[in-house]
Amino acid sequence: MSTVSSALPKQRNPIRPARVLLHVFLAGTALAWLAPLLWAVFSAMRPYSETSNRGYVSWPHTLNFDNFKNAFEQSDMTHYFMNTLVIAVPAVLLTLFLSSMVAFYVARFDFRVNLFLLLVFTAGNLLPQQVIITPLYRMYLLTNLPGITQSGKLYDSALGLVLIHVAFQSGFCAFVLSNYMRSLPHELTEAALVDGASVWRLYWQVTLPLCRPAMAALATLLSIWIYNDFFWALVLISTGENMPITSALNNLSGQYFTDPNLVAAGSLLTAIPTLLVYFALQKQFVSGLTLGSAKG
């Protein structure tokens, strides 16, 4: 019987026009998303003298990594990478810690102000940054921190950028973590309370370890958002040496002349850390977005 069944030709599913159109659409969309990146790589590997003479839409005669080397050396990227690290790491850790505490209170304790408290934290993300920049700028100038920051003020300091990122990102993280914590079984917390666990132990040792997938997903998003920030660093930092890597790309632009190929190479170099963070936390990021989605 098995011999007869194996000898029969396998029937292939008919090719449906709708499926062909779907694949063509997906391939075209992927190509449209990748086209700017591929064009930046193509431009970064060509010398400016060639593109200025032959144009950017031309067959390349020289492809090398000289622009990447020059961009790394001329912009002093090592220094600005460290500036970004000093800002991004504390901002991500503080945001996750504070927002998880708010989410724990909202999700695990039944009080009348729970929903209002969550709405207050979430509403902060709906306010455009440009609306509050003027009063915030004045407040940073008037806040004196002698001996704490190098500038003596909250303005022009890494601490100022850390605080503004924590303030703006905590609402979104509290909203996501509160929804995730609601999907956890209440029997776990009830059993811990019966055993005499304190509120802090209930948060730190029972609830927080179960939120690692969601925390990893948020850590990935926060790292990318804070690393790619340009607006706050441009407004709240005045000293060039204190700027993060995204604002430091201005060092590649001259007063009378700018090499677009060199800027493209520098932009690609600054994107490498975000790609490393995403690929390192890719599994946790995907699981954090999908876990709890089928609840109910």
Side-chain angles (χ1 to χ4, degrees), residues 15-78 80-81 84 88 125 128-130 169 172 216-234 243-254 256-290:
I15 300 177
R16 293 176 295 179
R19 193 171 185 84
V20 175
L21 291 177
L22 177 62
H23 282 79
V24 171
F25 172 75
L26 293 177
T29 304
L31 183 60
W33 277 96
L34 290 175
L37 178 63
L38 297 177
W39 188 260
V41 175
F42 175 70
S43 301
M45 297 185 67
R46 300 182 67 183
Y48 178 76
S49 58
E50 179 178 316
T51 55
S52 61
N53 294 330
R54 304 176 58 87
Y56 281 93
V57 186
S58 60
W59 188 259
H61 284 232
T62 303
L63 292 176
N64 52 48
F65 295 96
D66 291 345
N67 285 327
F68 292 93
K69 179 182 177 181
N70 295 333
F72 188 85
E73 294 176 351
Q74 293 182 21
S75 63
D76 194 14
M77 281 193 177
T78 303
Y80 293 107
F81 272 131
T84 305
N125 293 94
Q129 300 175 353
Q130 294 80 1
Q169 305 298 342
F172 172 76
L218 289 174
T220 306
L221 292 175
L222 288 175
S223 300
I224 295 174
W225 291 342
I226 295 174
Y227 180 88
N228 290 331
D229 170 67
F230 179 78
F231 177 75
W232 291 119
L234 185 65
M243 287 185 174
I245 187 64
T246 51
S247 301
L249 285 176
N250 289 329
N251 295 342
L252 298 177
S253 301
Y256 302 105
F257 169 75
T258 299
D259 186 349
N261 297 8
L262 190 66
V263 175
S267 302
L268 292 172
L269 288 175
T270 59
I272 293 177
T274 57
L275 294 176
L276 295 178
V277 170
Y278 175 75
F279 286 122
L281 300 176
Q282 183 180 13
K283 183 178 180 180
Q284 291 81 1
F285 177 74
V286 174
S287 62
L289 295 179
T290 56

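Treat the numbers as computed from the prediction; the structure is a model and nothing was measured.
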Check step by step if side-chain contact (heavy atoms from CB on, under 4.5 Å) holds for Leu22 and Leu26. CA-CA 6 Å; Leu22 177 62; Leu26 293 177; 4.2 Å; yes
Derivation of the side-chain hydrogen bond (donor to acceptor under 3.5 Å, both in side chains) call for Asn261 and Tyr56: CA-CA 10 Å; Asn261 297 8; Tyr56 281 93; 2.9 Å; yes
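The distance from the CZ atom of Phe68 to the CG atom of Asp66 is 10.5 Å, given to the nearest 0.5 Å. Taking NZ from Lys69 and CZ from Phe72, the interatomic distance works out to 12.0 Å, rounded to the nearest 0.5 Å. Gln129 contributes atom CD, which lies 6.0 Å from atom CZ of Phe231 (distance to the nearest 0.5 angstrom). Of the inter-residue distances, the one linking Trp33 atom CH2 with Leu38 atom CG reads 14.0 Å to the nearest 0.5 angstrom. Residue Thr220 holds its OG1 atom at 10.5 Å from CH2 of Trp225, rounded to the nearest 0.5 Å. Note: Tyr278 OH to Leu221 CG = 10.0 Å, rounded to the nearest 0.5 Å.
Looking only at side-chain heavy atoms (C-beta outward), Thr246 and Thr270 stay at 4.5 Å or farther from each other. The closest side-chain heavy-atom distance from Asn228 to Ile224 is below 4.5 Å. Gln169 places none of its side-chain heavy atoms less than 4.5 Å from the side chain of Leu218. The side-chain heavy atoms of Asp259 and Val263, taken from C-beta on, include no pair separated by under 4.5 Å. The side-chain heavy atoms of Tyr227 and Pro244, taken from C-beta on, include no pair separated by under 4.5 Å. You'll find the side chain of Trp39 reaches within 4.5 Å of the side chain of Val57, heavy atoms only.
A salt bridge links Arg46 to Glu50: at least one charged side-chain nitrogen sits closer than 4.0 Å to a carboxylate oxygen.
In this structure, the side chain of Asn67 engages the main chain of Ala44 through a donor-acceptor pair within 3.5 Å. Between the Thr84 side chain and the Ile245 main chain, a donor and an acceptor come within less than 3.5 Å of each other. Within the 3.5 Å criterion, the main-chain N or O of Ala40 finds no donor-acceptor partner in the side chain of Ser43.
Taking all atoms of both residues into account, the shortest heavy-atom contact from Pro36 to Ala32 is CD-O, 3.3 Å. The two residues Ser49 and Asn53 make their nearest non-hydrogen contact at O-ND2, 2.9 Å. When all heavy atoms of Asp229 and Ala233 are compared, the pair lying nearest together is OD2-N, 3.4 Å.
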